[in-house]
Participant: 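Got a structure for you, written out below as structure tokens; questions coming shortly.
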Amino acid sequence: MNTVDTRPRAVTWPPRLAAVAVALLLWWILTDLVAGPDSLLHEFGPHHVPGAVGQLLDRGVLLPDIAVSMRRLLVGLLIAVTVGVPLGLLLGLRPGVEHAVAPVVQFLRMISPLSWAPITVALFGIGNQPVIFLVAAASVWPIVLNTAAGVRAIDSGLLLVARSFGASRREQLSAVILPAIRGQVQTGIRIGLGIAWVVLVPAEMLGVRSGLGYQILNARDQLAYDQVMAVIVVIGVIGYALDTLSRVALARR
């Protein structure tokens, strides 16, 4: 009789909670005991974060900034998927094309997305467009490379069987190729999502007046370092939640 063993999942929680507790303890020791109450580092202590989050919520800026950042993230990621999946399919299905454009692809993907910031601001001005462009530029390459790798990993026998039944190229794409590479594409999107979230925050420091990145600069300008730390914690929590949701989606594929 087959049984499902849930013990590994249950066992993971105690060490994870212990790791979080140790991290919080080290944070408190560094900012309170080592730095001391007269140090600027003291303002970044963990005990200031709940009150700072409350202040941001009372001012009515935290939730709207989260919403704006999430909208920019999702639009940029959608653009990356729209561009990256077809490009990855092309490279995977056409080895000659992949060989020809490989130097260009490797050159472009090794450029930090933030390096494009002055050009995007010059082209699009200040606003959402430069941020969305940088998010898309950061997240597109994992999607392209994972999609292409998924296509190359397809068993050639599957395509031969499809051709033997008279399947057209479109039918081969929809019935064989896309289902076979779904896992690779989802993995590329997950990696791209993590990179996009990391790039989003500094991209929102390019003159926009909303978003979590802007809120960090705004709190810094007001010398509200406790709020700076609070926004950083919020960014980390949201990033962890996004990665967890993506892992759950991958596990259910």
Side-chain angles (χ1 to χ4, degrees), residues 44 56 61-88 91 101 104-149 184-221 227-250:
F44 296 95
L56 292 170
V61 297
L62 183 58
L63 295 181
D65 281 332
I66 291 175
V68 169
S69 293
M70 292 299 297
R71 183 166 65 249
R72 291 168 179 159
L73 175 77
L74 293 177
V75 173
L77 191 62
L78 178 61
I79 294 173
V81 172
T82 303
V83 174
V85 172
L87 182 56
L91 298 181
V101 303
V104 177
V105 171
Q106 295 300 325
F107 172 79
L108 291 176
R109 81 180 189 90
M110 295 306 293
I111 298 175
S112 169
L114 295 176
S115 301
W116 300 106
I119 298 176
T120 57
V121 171
L123 291 176
F124 301 114
I126 301 298
N128 290 325
Q129 291 87 347
V131 178
I132 292 172
F133 176 87
L134 294 175
V135 169
S139 55
V140 69
W141 298 116
I143 298 172
V144 170
L145 297 177
N146 275 272
T147 302
Q184 289 275 24
V185 172
Q186 289 176 329
T187 301
I189 293 174
R190 180 194 172 193
I191 297 172
L193 173 63
I195 297 174
W197 184 247
V198 171
V199 170
L200 173 68
V201 174
E204 289 182 331
M205 299 179 180
L206 299 176
V208 295
R209 305 290 296 178
S210 59
L212 294 171
Y214 162 75
Q215 197 54 240
I216 289 178
L217 291 183
N218 185 52
R220 182 207 62 184
D221 293 340
Q227 295 182 16
V228 171
M229 195 67 232
V231 177
I232 292 174
V233 171
V234 169
I235 291 170
V237 170
I238 295 176
Y240 179 83
L242 290 173
D243 184 70
T244 300
L245 290 175
S246 64
R247 281 192 288 110
V248 171
L250 281 174

Participant: Measure the CG-CD distance between L123 and Q129 for me, rounded to the nearest 0.5 Å.
Facilitator: 11.5 Å
Participant: To check you understand the geometry: which heavy-atom pair defines the closest contact between W197 and I235, and what is its length?
Facilitator: NE1-O, 3.1 Å
Participant: To the nearest 0.5 angstrom, please state how far the CG atom of D243 sits from the CD1 atom of I191.
Facilitator: 10.0 Å
Participant: Is a side-chain N or O of T120 found less than 3.5 angstrom from the main chain of A117, in a donor-acceptor match?
Facilitator: yes
Participant: Are any of the side-chain heavy atoms of L62 and Q215 separated by less than 4.5 Å?
Facilitator: no
Participant: Are I238 and L242 close enough, and set up right, to give a side-chain contact (heavy atoms from CB on, under 4.5 Å), and what steps lead you there?
Facilitator: CA-CA 6 Å; I238 295 176; L242 290 173; 4.1 Å; yes
Participant: Could you go through residues 138-149 and list every donor-acceptor pair under 3.5 Å that involves a side-chain atom there, pairing it with any protein atom two or more places apart or in another chain?
Facilitator:
| residue | atom | partner | partner atom | Å |
| --- | --- | --- | --- | --- |
| S139 | OG | V135 | O | 2.9 |
| N146 | ND2 | P142 | O | 2.8 |
| T147 | OG1 | I143 | O | 2.6 |

Participant: Determine the minimum heavy-atom distance between S246 and L193, stating which atoms define it.
Facilitator: CB-CD2, 4.3 Å
Participant: Quick one: side chains of residues 104-111, donor-acceptor pairs under 3.5 Å with protein atoms, not counting sequence neighbours, listed by atom name and distance.
Facilitator:
| residue | atom | partner | partner atom | Å |
| --- | --- | --- | --- | --- |
| Q106 | OE1 | R109 | NE | 2.8 |
| Q106 | OE1 | R109 | NH2 | 3.2 |

Participant: Could you pull out all donor-acceptor pairs under 3.5 Å where a side-chain atom in residues 206-214 meets a protein atom, sequence neighbours excluded?
Facilitator:
| residue | atom | partner | partner atom | Å |
| --- | --- | --- | --- | --- |
| S210 | OG | R72 | NH2 | 2.9 |

Participant: Locate the shortest heavy-atom distance separating V131 from A203; write the atom from each residue and the value.
Facilitator: CG2-O, 3.5 Å
Participant: Once you round to the nearest 0.5 Å, how far does OG1 of T187 lie from CZ of R247?
Facilitator: 12.5 Å
Participant: Would D65 and E204 satisfy side-chain contact (heavy atoms from CB on, under 4.5 Å), going step by step from the backbone distance to the final call?
Facilitator: CA-CA 11 Å; D65 281 332; E204 289 182 331; over 6 Å; no
Participant: Which distance, rounded to the nearest 0.5 Å, do you find between the CG of L87 and the OG1 of T82?
Facilitator: 12.5 Å
Participant: Can you name the nearest heavy-atom pair linking S69 to L200, along with the distance?
Facilitator: O-CD2, 3.4 Å
Participant: For the atom pair CZ (F133) and CG (N128), what is the distance rounded to the nearest 0.5 Å?
Facilitator: 15.0 Å
Participant: Does any part of the side chain of L78, heavy atoms only, come nearer than 4.5 Å to the side chain of L74, both counted from C-beta?
Facilitator: no
